[in-house]
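Start at 1 and go down the list; that is how both ligands and their atoms are numbered.
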Amino acid sequence: MPITPTPKIWMNGELVDWDKAQVHVLTHTLHYGTGVFEGIRAYATADGPSIFRLTEHIKRLFESAKILGFSIPYTVDELVQATKDTVASTGLDSCYVRPLAYLGYGEMGLNTLPCSTEVAIACWPWGALLGDEAVTKGVRMKISSWTRHDHNTMPPAAKTVGNYVNSSLAKVEALKAGYDEAIMLAPNGLVAECTGENIFVARHGKLLTPPLSAGALEGITQSTVGALAKDLGFEVQVDNIARSDLYIADEAFVCGTAAEVSSINSIDDREIPCPGPMTLAMSEAYLATVRRENPKYLDWCELTI
Ligand code: PPE
């Protein structure tokens, strides 16, 4: 999806013009993948743009940097405010937001210790990642031939730039084979997650989703879905899922900030009932919550002013 430019991007403490938000070709992260990022969404509400679980996303950015062993030269509060300022500067009522902390120009080589950390926050309009009809029609999934990272290879709990080479390999493989998205298994063969989403399956009336230990990112949407599912009276279990659990699921869906809640209609050409009633209920509850229509979770909806 081509990016639509917006007026400003926040870079190292100031809002700069979109076209001026550039880095040198010898930027460390460009060579070694040594950055961390987030994906956040702002939704239109009667009170202006509301950024969903913004503070938790920014906290996860700091945790990702901590896992990589570098520090971000701002506080969580400063980057929360910077994100709000960036969204406000665009004049958009809804958008996708991409904070990126990267190691900058000035040092080369694999030792990251002398590198400076730079931060940029950009936002632009971005529709549902897997398409507008992903909830009702569902997406075709393929189990990837690529394995998700092992914890001692590339920590999957960190949203590291370099980790996404693995996701891109799986995504392109799935698209070229005629599928919409890939499911990735951990080195031990258990289900981890998708290239840019967590996965849920419904079996025996219960919703199951893999834990961080299975190589999944601890998704903020996954946690939102977990809370909303309990409110709807669904039992939710964060537990290991085997490949066969996928094929014989009563329903299945993916969730993430960019993808929101999207139904799965087949996995490796095994049909999954779609759209399932639990999936539809979760999608509806999710969209109402992010749009500030669920009074229980107004704290999750952070207004820009
Ligand atoms: N797993 C992965 C690998 C992942 O990248 C994401 C977010 C999730 C799970 C869900 O996390 P959360 O957004 O906290 O619920 N993926 C981001 C980037 C997607 C992209 O294609 O780029 C996102 O959804 O913003």
Show the protein residues that qualify under the rule heavy atom under 4.0 Å from an atom of ligand 1, listing them in chain and number order.
Gly39, His57, Arg60, Tyr96, Arg98, Leu129, Arg148, Lys159, Tyr164, Glu193, Cys194, Thr195, Gly196, Glu197, Asn198, Leu217, Gly219, Ile220, Thr221, Gly256, Thr257, Ala258

So if you build clusters from Ile, Leu, Val, Met, Phe, Trp, Tyr with side-chain heavy-atom gaps below 4.5 Å, do Tyr286 and Ile40 land together?
no

Ser223 and Glu218: side chain donor to acceptor below 3.5 Å:
no

If the test is side-chain hydrogen bond (donor to acceptor under 3.5 Å, both in side chains), which one of His149, Glu193, Arg148 qualifies with Ser167?
Arg148

Residue pair Glu197 / Ser262, side-chain donor-acceptor N/O under 3.5 Å:
no

Does the distance from a Lys or Arg side-chain N to an Asp or Glu carboxylate O, for Arg98 and Glu38, drop under 4.0 Å?
no

Between the side chains of Gln81 and Asp77, does any donor sit under 3.5 Å from an acceptor?
no

